[in-house]
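First comes the structure, then the notes that go with it.
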Amino acid sequence: MARERRGGDRKRFLRASRDIEHVKQHGRRLSTTSFNLLICRTEDNDTRVGIVVGKRFGGAVRRNRAKRLFRELTRQVYGQLIAGYSLLVFPKRDAMGLSFDALKAVWCSTLRRQGMLRTPETESPHP
RNA sequence: GGAGAAGACCGGGUGAUCGCUCGCCGCGGCGACGUGGCGAGAGGAAAGUCCGGACUUCAUGGGCAGGGCGCUGGGUAACCCCCAGGCGGAGCAAUCCGACACCAGCACCACAGAGAACAGACCGCCGAUGGCCAACGCGAUUGGACCCCAAUCUCAUCGCUGCGGAUCAGGCAAGGGUGAAACGGCGGGGUAAGAGCCCACCGCGGUGAUGGCGACAUCACCGGCAGGGUAAGCGUCGCUCGAUGCAAGGCCAAAUAGGAAGACACCUGCCGGUCCUCUUCGGAGCAUCGGCGACCGGCUGGCCCGGCCGAGGUCUUCGGGUAGGUCGCUUGAGGUUCGAGGUAACUCGAAUCCCAGAGAAAUGAUCUCCUCUGAUCGAGAGCAUAUCUUGGUCAGGACAGAAUCCGGCUUAUAGGUCUUCUUCACCG
RNA sequence: UCCCCGGUAGCUCAGUUGGUAGAGCAGCCGGCUGUUAACCGGCUGGUCGCAGGUUCGAGUCCUGCCCGGGGAG
């Protein structure tokens with residue numbers, strides 16, 4: 001695939017709208033006060049995360065900020081994610097009021113409860 | 001120092017760790033790619049998409065329609081932009097604001113008001129002139145007052161003049177009142193009352209001179225009031241504008257469906273009647289008359305004219321195109337520093353630099369120190385709960401994110417710096 | 001990256017040559033009815049999205065913003 005011609009983030013994130021629609025159709029849904037999450041099993045070996053921020057969220061600066069925050073969260077826990085899933089994140093406006101550490105705590109505990117993290121018992125310090 | 005006006009600029013800095021995108025170099029690999037190093041990586045508005053261009057493809061015969069602009073001169077690739085000037089308006093002033101061409105034609109001007117468009121007479125003023133009444137004026141006659149006469153006086157009658165009076169015809173538009181706006185303003189003369197009727201000043205219009213490239217200004221003379229407003233209503237005049245927008249457009253090209261594109265030559269009637277010729281008696285040809293059809297569809301980016309294409313044939317080629325990829329994609333009306341010209345916008349010349357190129361879209365996360373602002377606590381100076389200096393703690397640091405690229409406009413914007421100018425107050 | 005519509009009462013919408021802002025539903029009051037609905041009569045309710053400008057006067061004309069909706073791959 002042409003997408004894999006590039007390195008780095010391109011493997012970890014969902015970009016094509018077709019894939020995002022697929023997850024929206026077949027995914028399992030759960031929500032917190034900071035974000036909504038859709039989880040879907042795929043045949044692919046990699047796990048990909050898509051971040052969707054609608055126009056209602058705010059201006060371009062606020063939308064970019066939300067996407068950057070969740071991308072950073074994904075990068076920090078990506079090594080511990082179990083392969084073979086597609087995740088879709090819908091950030092909420094309340095998440096922007098939290099600090100990065102608080103958001104990370106919510107993010108990790110949510111993923112752990114869903115069994116998406118490989119090392120559930122060890123509280124991972126700063127990578 | 002207070003208040004204010006204009007312009008220019010900045011838009012937190014520094015360092016550490018973990019990451020992202022692109023470029024270059026090294027290594028590994030056929031390659032995709034992986035990995036290491038170095039370098040670069042959001043703005044003054046990147047925004048709104050309101051104008052103007054570059055560039056792209058299509059069109060490129062004529063006319064009309066339509067859009068835009070609108071004091072003058074300049075700048076520019078161009079402009080609904082900028083600079084300088086004129087005029088009008090606001091302000092004590094610095095300064096600011098202005099779609100600021102044309103009312104010839106059509107249309108509209110509600111309510112109020114007498115009258116609202118080449119107007120009108122409600123209240124009002126006058127009643128000069130022609131009528132009406134008519135002396136307290138003049139004359140005549142008769143009677144009376146004094147014994148008589150004259151004079152004089154008085155009453156009555158008549159006549160004349162027409163003082164005066166109210167008003168009709170009529171004159172007036174100064175004043176009141178209505179309105180956003182009422183056929184110049186104010187003062188004087190004049191008049192029956194008035195009126196540019198006359199005069200001075202101002203306004204207005206015309207002509208001329210002077211200054212200025214010009215808009216226009218100043219002055220002189222003349223006219224004697226010409227005639228309302230609205231063109232961001234229809235319109236007129238002048239200038240100007242082809243459409244399309246990087247999702248433009250070029251190239252490569254899965255799957256599926258099946259044809260697609262180009263070139264060439266060629267074709268213009270049908271039906272009925274009549275006449276003539278030929279005839280194998282079925283018809284054919286030619287001429288004329290009548291009727292039907294000369295249209296419809298598509299293209300020519302809005303409409304009309306004009307133009308082109310159409311059925312079928314022959315020939316040539318294998319291509320067109322979606323997902324996806326790739327190019328366009330960042331070197332440009334470019335920046336910086338000097339020098340020159342110009343009041344300025346800006347231009348010219350030289351040197352020098354390369355300064356984001358993503359693609360559901362890269363610039364992020366955490367923290368240290370410094371800086372700015374606010375709150376609070378403490379110390380010091382101080383009569384002081386003004387104020388100043390210093391230290392600690394806690395918050396906060398705006399508006400906002402490139403998407404083909406430039407020139408502008410508009411809008412959002414915490415806080416701060418600098419320059420110039422106006423005015424007021426105080427001191428000298 | 002562009003293009004095109006719309007914003008008027010609580011809701012759905014009218015509103016042309018610029019001149020008192022309207023209709024239906026809803027709400028409130030009264031009547032009818034044993035009561036409610038329906039019906040009848042009346043009333044209330046508006047920064048005409050915002051701000052400037054043109055005009056004597058703007059819902060209407062012009063300009064600039066704000067918000068909402070739709071279209072072009």
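Letters A, B, ... mirror the listed sequences (proteins, then strands); counts begin at 1. Hydrogens, waters and symmetry mates play no part in the numbers below; they use all other heavy atoms, side chains included.
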First encountered from the 5' end of RNA chain B, between A/Gly59 and A/Ile51: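 Comparing both residues, the 5'-ward one is A/Ile51.
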
Starting at the 5' end of RNA chain B and moving along, which residue's nearest nucleotide shows up first, A/Ser99 or A/Asn64?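 It is A/Ser99 whose nearest nucleotide is closer to the 5' end.
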
When the [atom1] atoms of [M] and [N] are compared, how many Å lie between them, rounded to an integer?
{"N": "B/U21", "M": "B/A361", "atom1": "P", "value": "12 Å"}
{"N": "B/C111", "M": "B/U178", "atom1": "C1'", "value": "11 Å"}
{"N": "B/A311", "M": "B/C267", "atom1": "C1'", "value": "9 Å"}
{"N": "B/A112", "M": "B/C239", "atom1": "P", "value": "50 Å"}
{"N": "B/A247", "M": "B/U57", "atom1": "C1'", "value": "14 Å"}
{"N": "B/A358", "M": "B/C405", "atom1": "P", "value": "12 Å"}
{"N": "B/A173", "M": "B/C126", "atom1": "C1'", "value": "12 Å"}
{"N": "B/G67", "M": "B/C51", "atom1": "P", "value": "14 Å"}

Just name whichever nucleotide pairs with [N], Watson-Crick or G-U, keeping both distances under 3.5 Å, else none.
{"N": "B/C146", "value": "none"}
{"N": "B/C38", "value": "B/G23"}
{"N": "B/C221", "value": "B/G206"}
{"N": "B/U316", "value": "B/A261"}
{"N": "B/A344", "value": "none"}

Can you check [N] for me, syn or anti if syn means within 90° of 0?
{"N": "B/C355", "value": "syn"}
{"N": "B/G37", "value": "anti"}
{"N": "B/A42", "value": "syn"}

A/Arg75 side chain: which of B/C20, B/A402, B/A42 is closest?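 Nearest listed nucleotide: B/C20.
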
Quick one: which of B/G401, B/G364, B/U366 gets closest to the side chain of A/Phe100?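 Within the option list, the nearest is B/U366.
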
Gap between atoms CZ and P, on A/Arg63 and B/A362 respectively (whole Å):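 Computing the A/Arg63:CZ to B/A362:P distance gives 11 Å.
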
Protein-nucleotide distance (A/Leu73, atom CG; B/U366, atom P), rounded to Å: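 Checked: the CG to P distance equals 10 Å.
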
Applying side chain to side chain contact (heavy atoms under 4.5 Å, CB included) between A/Val49 and each of A/Leu37, A/Leu73, A/Thr74, report the one that passes.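 Testing A/Val49 for a side chain to side chain contact (heavy atoms under 4.5 Å, CB included) against A/Leu37, A/Leu73, A/Thr74 leaves exactly one candidate, A/Thr74.
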
Closer than 4.0 Å, any side-chain N/O of A/Arg71 to the OP1 or OP2 of B/A362?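 So the side chain of A/Arg71 is within the cut-off, an N or O lying under 4.0 Å from OP1 or OP2 of B/A362.
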
Test side chain to side chain contact (heavy atoms under 4.5 Å, CB included) applied to A/Thr33 - qualifying residues, sequence neighbours left out: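 A/Thr33 satisfies side chain to side chain contact (heavy atoms under 4.5 Å, CB included) with no residue once adjacent residues are dropped.
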
Identify, with sequence neighbours excluded, every residue that meets ring-ring contact (aromatic ring centres under 6.0 Å, His included) alongside A/Phe35.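 So A/Phe35 forms a ring-ring contact (aromatic ring centres under 6.0 Å, His included) with A/Phe70, A/Trp107.
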
If you apply the rule side-chain contact (heavy atoms from CB on, under 4.5 Å), what do you find for A/Asp94 with A/Leu98, and how did you get there? CA-CA 7 Å; A/Asp94 297 342; A/Leu98 298 175; over 6 Å; no

Between CZ on residue A/Phe100 and CG on residue A/Leu69, distance to nearest 0.5 Å: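 So the gap between those two atoms works out to 6.5 Å.
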
Compare every heavy atom of [Y] with every heavy atom of [X], then report the nearest pair and how far apart it is.
{"X": "A/Met96", "Y": "A/Arg62", "answer": "CE-O, 4.3 Å"}
{"X": "A/Lys92", "Y": "A/Thr32", "answer": "NZ-O, 2.8 Å"}
{"X": "A/Pro91", "Y": "A/Phe57", "answer": "O-CE1, 3.8 Å"}

How would RNA chain C look in dot-bracket form, 5' to 3', counting Watson-Crick and G-U wobble pairs with both distances under 3.5 Å and writing | for bases paired to another strand? ((((((((.[[[[.)...(..]]]].(((((.......))))).....[[[[[..)....]]]]]))))))).

